[in-house]
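Beneath this line is the structure, given in structure tokens, with notes to follow.
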Amino acid sequence: MLDYAIRNVAILDGSGSAAFEGDVGIKDGRIDALGTVGAARDEMNGQGLTLSPGFIDTHSHDDDAFLRLPDMMFKLAQGVTTVVSGNCGFSAIPADPARDPMAMSGGILAGISGDFRDLNGYFRAVLERKPNINNMMLVGHNTVRVLAMDMAQRSPTPQDLVTMRDHVQLALEQGACGFSTGLIYRPGRWSVTDEVIELARCAAPFGALYTTHMRNEGDRLLEAVDETLTIGREADVHVHISHHKAAGPGNWGKVKDSLAKVDAALAAGQRVTLDVYPYTAGSGRMIEYFNLDRISRELAEVIRIASCPAYREYEGRMLKDIATEQRVDITELVRQILTAPGGDRTICIHFIIAEEDIETNLAHADMMVGSDGIPDLRGRPHPRLFGTFPRVLARYVRERGILRLPEAVRRMTSLSADTFGMVDRGRIREGVWADLTLFDPASIVDTATYDDPKQYPAGIEAVWVNGVLSVKEGEDQKAGAGAMLRYRRERF
Ligand code: ZN
Ligand code: CU
């Protein structure tokens with residue numbers, strides 16, 4: 001007897017092949033049978049709907065959200081069953097409970113709240129909270145650098161390097177899928193290429209990844225891609241470029257040149273993959289984007305405030321509107337916000353990306369989808385936190401025809417699972433974990449907007465995590481069936 005049967009669905013198996021009709025039977029958390037399946041303790045008729053592997057968010061900052069918000073509904077309701085955390089050089093691990101969590105997490109994790117030091121400890125702490133979705137971790141450069149040398153604006157001493165390497169090594173031994181950097185952020189921006197190569201080398205024996213928020217995504221994007229590819233070659237690791245984009249109107253279109261570099265590297269045998277979020281705005285900790293001695297007016301004019309502990313009334317508003325209303329120069333307003341108590345915790349949304357570049361990115365065969373959502377639910381977060389995956393299927397598949405549905409699903413499932421070492425996930429076939437999303441391709445749509453970002457999408461009927469029905473018609477089933485995953489390991 002099966003535990004669960006999903007009947008009469010169009011099955012998109014994640015491989016990129018066309019859908020086929022049938023049932024899916026689940027037993028002991030895994031897919032037990034496909035085709036016409038037998039009796040089950042529980043079942044759902046999915047007539048007219050499409051069943052795919054659960055979506056995989058390759059770029060999340062959910063490290064601390066797993067502790068604070070274990071229902072993870074902002075992801076689960078999108079059909080996301082697994083995320084990769086620890087991106088952009090900021091990870092919950094390693095941690096020193098005696099240190100300032102804001103410095104170690106760069107503000108983009110919205111803090112770190114647990115009492116743990118390493119990956120094993122973090123996983124234990126998260127599992128106690130019974131999370132609804134699966135998590136795979138990266139270990140972050142900024143985090144280990146703060147632990148080894150605080151915010152020192154210099155290269156590491158040989159001893160600092162040993163300390164950092166030990167942290168990275170331990171995380172990889174415990175099952176992290178790779179080493180991440182955020183080279184525009186502090187303290188990562190104070191590192192030279194050789195430091196990153198030395199640390200990325202730790203990933204090589206594990207066949208693990210080097211993922212990067214590159215040093216520059218604007219005027220020097222192409223140099224940054226060169227640096228990334230050099231790091232991959234020198235360290236002999238698979239490189240994954242995070243949230244690939246060309247920032248600022250003067251650079252729009254450059255993603256084509258940058259992808260040409262990636263294609264040349266691929267042709268030369270290098271392992272390279274990327275991800276993108278389907279929005280024309282980025283989001284991050286505002287203080288990282290401004291030099292207070294020379295505040296960029298151009299940038300300030302395209303910024304909207306997401307969350308701002310110092311001025312809650314600014315949340316959800318464009319800086320230029322606030323400046324006009326208050327009759328203050330916009331650069332002064334930036335200074336006022338960033339230098340206020342708690343001002344460094346301000347999260348902003350900046351409209352810096354061309355629509356056409358998103359389409360160029362999504363058309364690339366090695367492009368995955370990563371939300372880059374910052375799980376701070378106070379204020380008005382970037383809508384990507386709630387809308388990324390349905391948005392790709394609604395806007396770029398159904399409306400714009402940039403990629404076909406089976407291919408979009410492949411990029412959100414098997415490609416991500418294979419790249420990030422998630423064993424027996426990302427596909428629908430016998431024997432794999434039953435992470436599944438049941439949706440209507442004709443109506444699936446993101447409803448989260450910049451004005452009203454905390455909205456669950458429509459058109460997703462149900463989601464199963466490790467074989468357990470976890471969302472039905474947008475309602476949390478309180479299954480708590482998420483697992484903590486270890487890179488390329490059968491058991492977790
Ligand atoms: Zn980033
Ligand atoms: Cu990020």
Side-chain angles (χ1 to χ4, degrees), residues 56-66 74-75 80 83-92 104-112 135-143 145 176-189 191 196 209-218 220-221 224-225 227-228 231 239-248 255 258 273-290 299 306-307 347-353 357-358 361 367-376 381-389 416 420:
I56 296 172
D57 185 352
T58 58
H59 194 101
S60 95
H61 293 290
D62 291 335
D63 310 42
D64 189 64
F66 274 98
F74 52 90
K75 290 287 165 74
V80 170
V83 300
V84 178
S85 304
N87 276 286
C88 295
F90 296 106
S91 53
M104 291 199 305
S105 74
I108 55 178
L109 301 183
I112 303 176
N135 183 25
M136 175 69 91
M137 293 291 292
L138 291 154
V139 55
H141 177 222
N142 292 318
T143 301
R145 205 177 201 271
C177 62
F179 171 65
S180 79
T181 58
L183 299 177
I184 67 149
Y185 297 119
R186 299 163 303 163
R189 68 168 75 135
S191 67
V196 181
L209 289 95
Y210 168 62
T211 75
T212 181
H213 179 151
M214 297 187 293
R215 208 177 283 279
N216 194 289
E217 297 180 317
R220 293 191 307 283
L221 169 67
V225 173
E227 181 190 32
T228 302
I231 293 165
V239 298
H240 182 86
I241 297 174
S242 299
H243 43 60
H244 184 235
K245 68 171 80 69
V255 291
S258 157
T273 46
L274 317 90
D275 61 44
V276 66
Y277 49 77
Y279 293 87
T280 57
S283 180
R285 195 183 183 194
M286 186 163 147
I287 200 160
E288 303 286 354
Y289 306 112
F290 288 98
L299 179 60
S307 51
I347 302 289
C348 70
I349 293 169
H350 35 300
F351 293 84
I352 51 168
I353 301 164
D357 286 356
I358 298 173
N361 271 322
M367 188 67 60
M368 297 168 219
V369 177
S371 72
D372 203 8
I374 299 170
D376 186 347
H382 189 305
R384 66 192 183 184
L385 182 63
F386 284 73
T388 291
F389 289 79
S416 321
F420 287 87

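Just the heavy atoms: all of them, side chains too, but no hydrogens, waters or symmetry mates, feed the values below. In listed order, ligands and their atoms are each counted from 1.
- Between Asp357 and Ala246, the shortest heavy-atom contact is OD2-CB, 3.8 Å.
- Between Phe386 and Phe74, the ring planes are tilted. Angles from 30° to 60° get that label.
- A side chain to side chain donor-acceptor pair (under 3.5 Å) with Ser258 holds for exactly one of Lys245, Glu217, His244; it is His244.
- For Asp372, the N, O or S atom closest to the Cu ion (ligand 2) goes by the atom name OD1.
- In this structure, Arg384 is positioned above the aromatic face of Tyr277, its NZ or CZ under 6.0 Å from the six-membered ring centre and within 45° of the axis.
- Residue contacts to the Cu ion (ligand 2): His243 brings no N, O or S atom closer than 2.8 Å.
- Counting only distances under 2.8 Å, and ignoring water, the protein N, O or S atoms around the Zn ion (ligand 1) are Cys88 SG, His213 ND1, His243 NE2.
- Between Lys75 and Leu385 the shortest side-chain heavy-atom distance falls below 4.5 Å.
- The aromatic rings of His213 and His243 sit perpendicular to each other, their planes meeting at more than 60°, with 30° as the lower class boundary.
- Of the possible polar contacts, none joining the Asn216 side chain to the Ala224 backbone as a donor-acceptor pair under 3.5 Å is found.
- The Cu ion (ligand 2) has His59 among its coordinating residues (N/O/S atom, backbone or side chain, under 2.8 Å).
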